[in-house]
There are 2 protein chains.
Amino acid sequence: MKSATLLSFTEENYLKAIYSLTQKHGSPETSTSHIAEQLSTKPSTVTDMLRKLADKKLIAYEKYRKIELTKSGKQLAILVIRKHRLWEVFLHEKLQFGWDEVHEIAEQLEHIQSEELITRLERFLGFPKFDPHGDPIPSANGELHAGQRITLSDVQINKSCEVVGVNDSSAVFLKYLQQVDIGIGTKIKVLEKISFDGSMAISLPRKVSISVSKKFADNLMVIL
Amino acid sequence: MKSATLLSFTEENYLKAIYSLTQKHGSPETSTSHIAEQLSTKPSTVTDMLRKLADKKLIAYEKYRKIELTKSGKQLAILVIRKHRLWEVFLHEKLQFGWDEVHEIAEQLEHIQSEELITRLERFLGFPKFDPHGDPIPSANGELHAGQRITLSDVQINKSCEVVGVNDSSAVFLKYLQQVDIGIGTKIKVLEKISFDGSMAISLPRKVSISVSKKFADNLMVIL
DNA sequence: CATAATTATTAGGCTCGTCTAAAAATATAT
DNA sequence: ATATATTTTTAGACGAGCCTAATAATTATG
């Protein structure tokens, strides 16, 4: 279960980048130049690292051909993401950092080496399922039970749901959310849907109901 | 107040090592070989780094001569120690790590770069004054108000005190402390001192009084 | 005080992660 | 399908940190 070879800060970042890219683009493969862009580095640098990761059996790689994480490479990438997201929860929930501030610091914290630390941190935080951006937190064995994340738009009339994140993490959107007091964990009930423009009326805890646009509802992720 | 040049992980460790050595040995100067030993590295490696730190005006250094932290070098060293100790409190108080387990992880956490993080962490922890080993936590402006740390041996008969740390952090000693339920914050009242062997009788909260040896009392740090 | 022992510095080399410039392979377009 | 454009890899170099072996400076000793 525990990997013999400890990875460097940099190696972990490459695995994470490759994992993110494959997630984002659907395909389990990605390219040298995409990785370079993701990590703000040069393609030649990436090639060097790819050979190294291939030697360590963390990626399947043939030059000029495909780049794909192996099972163990994927596992390690997910563990880094797990650490990142748990730290984000800590920063947001316990230290009151804003949604937009947590990422940068978590980029550093995710590389701290100690399984026990993460086990205890997770318990301390009450086994959260999502980070402050609503992305799911993988379990210790690397499972990413995505649950049923849907947009607010998909919620039926008279159903209630719970906010788990956003699609659009622009400052304006986040600011508006803050203004109407919607955050991770907020319970929302859908009262009405206007088919004309897709806007909807929703009720919030201890608030009169408010009306939100389709664009708004499309960008708010919830679970039922 | 904020230093223009960000220091590397390694540079921070050198500053911290130099600071610790000057504290431990009284004198504000130290030597290449002592630093090498402290950091488990070779003297030649240290020489290289000393030149680099001197270039950055963090130490005063003339080859074959003295090694001393400059004002800004000392300031930075203290800030690293501040971060280290605050993280130790977090690990012990919030995540229930043992006294002996916190150091290694804090060695990593102390290098996370974010002033705001430490400011918020300190507040979250309730502005602790001592780490789990009883060492004082420097304030944000680098002041190390040592308070009045004395050993239990120094406490007069019928006076009460509060445990803030240990001198001897060996596993046996810590285990014994755990056994008799003494930890940071424990209130102790001195009942009797036996001049014959320096042992003393003390009372603990919700416990019959116990007798402890001079060696024990010499290694327990308290404040009145 | 001159020599021996200790300590510090230099010289040269290694790995890691990065770069630029040039070459090779693949993909695209006419 | 051949020429062109793009992408990827190689070649060679660099800084940071580290090493060993050799040299220089300082300190201790007879």
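Values in this document were obtained by computation on a predicted structure and should not be read as measured data. Chain letters run A, B, ... following the sequence lines, proteins first, then strands; residues in each count from 1.
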Student: Any donor-acceptor pair under 3.5 Å linking the side chain of Thr41(A) with the backbone of Glu37(A)?
Tutor: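 Not at all, since once roles are kept as given, no pair shorter than 3.5 Å links the two residues.
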Student: Does Ser44(B) place a side-chain N or O at less than 4.0 Å from the phosphate oxygens OP1/OP2 of dT9(C)?
Tutor: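 No.
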Student: Expected output is a numbered-order residue list: members of residues 29-38 of chain A with a heavy atom under 4.0 Å from any atom of DNA chain D. What is it?
Tutor: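 DNA chain D contact set from residues 29-38 of chain A: Ser31(A), Thr32(A), Ser33(A).
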Student: In this structure, how many angstroms lie between the C1' atom of dT7(D) and the NZ atom of Lys66(A), rounded?
Tutor: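 That distance rounds to 18 Å.
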Student: Does atom NE2 of His34(B) have more than 12 heavy-atom neighbours, drawn from other residues, nucleotides or ligands, at distances under 6.0 Å?
Tutor: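 Counting neighbours around NE2 of His34(B), 12 or fewer heavy atoms of other residues, nucleotides or ligands fall under 6.0 Å, so no.
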Student: Is the shortest side-chain N/O distance from Thr41(B) to OP1 or OP2 of dC19(D) below 4.0 Å?
Tutor: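 So the side chain of Thr41(B) is within the cut-off, an N or O lying under 4.0 Å from OP1 or OP2 of dC19(D).
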Student: Please work out which of the three classes, parallel, tilted or perpendicular, describes the rings of His133(A) and Trp99(A), given edges at 30° and 60°.
Tutor: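 Rings of Trp99(A) and His133(A): perpendicular, as their planes differ by over 60°.
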Student: Give a yes/no on whether any side-chain N or O of Tyr61(B) is located under 4.0 angstrom from OP1 or OP2 of dT9(C).
Tutor: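 For dT9(C), OP1/OP2 do have a side-chain N/O of Tyr61(B) under 4.0 Å.
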Student: Atom CG of Asp48(B) to atom C1' of dA21(D): distance rounded to whole Å?
Tutor: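 Going from Asp48(B) (CG) to dA21(D) (C1'), I get 14 Å.
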Student: Just how far, in rounded Å, is P of dT26(D) from CD1 of Ile67(B)?
Tutor: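 The answer, rounded to whole Å, is 14 Å.
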Student: Separation of Lys42(A) atom NZ from dT6(D) atom P, in whole Å?
Tutor: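 Answer to the nearest Å: 17 Å.
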Student: Regarding Thr10(B), tell me which of base, sugar-phosphate or nothing describes its non-hydrogen contacts under 4.0 Å with the strands shown.
Tutor: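 Sugar-phosphate, backbone atoms only, no base.
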Student: N/O contacts under 3.5 Å, protein versus nucleotides 23-28 of chain C?
Tutor:
from: dT26(C); atom 1: OP1; to: Arg65(A); atom 2: NH1; distance (Å): 2.6

Student: dT9(C), OP1 or OP2 - any side-chain N/O from Thr47(B) closer than 4.0 Å?
Tutor: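 For Thr47(B), the contact criterion (side-chain N or O under 4.0 Å from OP1 or OP2 of dT9(C)) is met.
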Student: Report the residue from Ile78(A), Leu58(A), Leu15(A) that forms a side-chain contact (heavy atoms from CB on, under 4.5 Å) with Leu69(A).
Tutor: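 Only match with Leu69(A) under side-chain contact (heavy atoms from CB on, under 4.5 Å): Leu15(A).
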Student: Please name all residues satisfying side chain to side chain contact (heavy atoms under 4.5 Å, CB included) with Asn167(A), sequence neighbours left out, ordered by chain then number.
Tutor: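 Once residues adjacent in sequence are excluded, the partners of Asn167(A) under the side chain to side chain contact (heavy atoms under 4.5 Å, CB included) criterion are Thr151(A), Asn219(A), Met221(A).
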Student: Does the plane of the ring in Phe124(A) sit parallel, tilted or perpendicular to the ring in Phe90(A)? Use 30° and 60° as the thresholds.
Tutor: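 Rings of Phe124(A) and Phe90(A): tilted, as their planes differ by 30° to 60°.
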Student: Hey, what's the ring geometry for Trp87(B) with Trp87(A), parallel, tilted or perpendicular (30° and 60° as the breaks)?
Tutor: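 Rings of Trp87(B) and Trp87(A): perpendicular, over 60°.
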Student: Between the side chains of Gln96(B) and His92(B), is a donor N or O closer than 3.5 angstrom to an acceptor N or O?
Tutor: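 No, His92(B) and Gln96(B) have no side-chain donor paired with an acceptor closer than 3.5 Å.
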Student: Checking all strands, does Phe9(B) fall into the base, sugar-phosphate, or nothing category for heavy-atom contacts under 4.0 angstrom?
Tutor: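 Nothing: the residue Phe9(B), judged by heavy atoms under 4.0 Å, touches no strand.
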Student: Of Arg85(A), Lys16(A), Lys83(A), which is the lone residue that meets salt bridge (charged side-chain N to carboxylate O under 4.0 Å, His left out) with Glu107(A)?
Tutor: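 Answer after filtering Arg85(A), Lys16(A), Lys83(A): Lys16(A).
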Student: Give the rounded distance in Å between these two atoms: OH of Tyr14(A) and P of dC16(C).
Tutor: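 Distance check: Tyr14(A) OH to dC16(C) P gives 14 Å.
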Student: Given atom CE of Met49(B) and atom P of dA8(C), what is their separation to the nearest angstrom?
Tutor: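 In whole Å, dA8(C) P lies 17 Å from Met49(B) CE.
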Student: Between atom CD in Glu11(A) and atom P in dC16(C), what is the gap in whole Å?
Tutor: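 Atom-to-atom, Glu11(A) to dC16(C), this comes out as 9 Å.
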Student: Could you state the CG-P distance from Leu39(B) to dC19(D), rounded to the nearest angstrom?
Tutor: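 Leu39(B) atom CG is separated from dC19(D) atom P by 10 Å.
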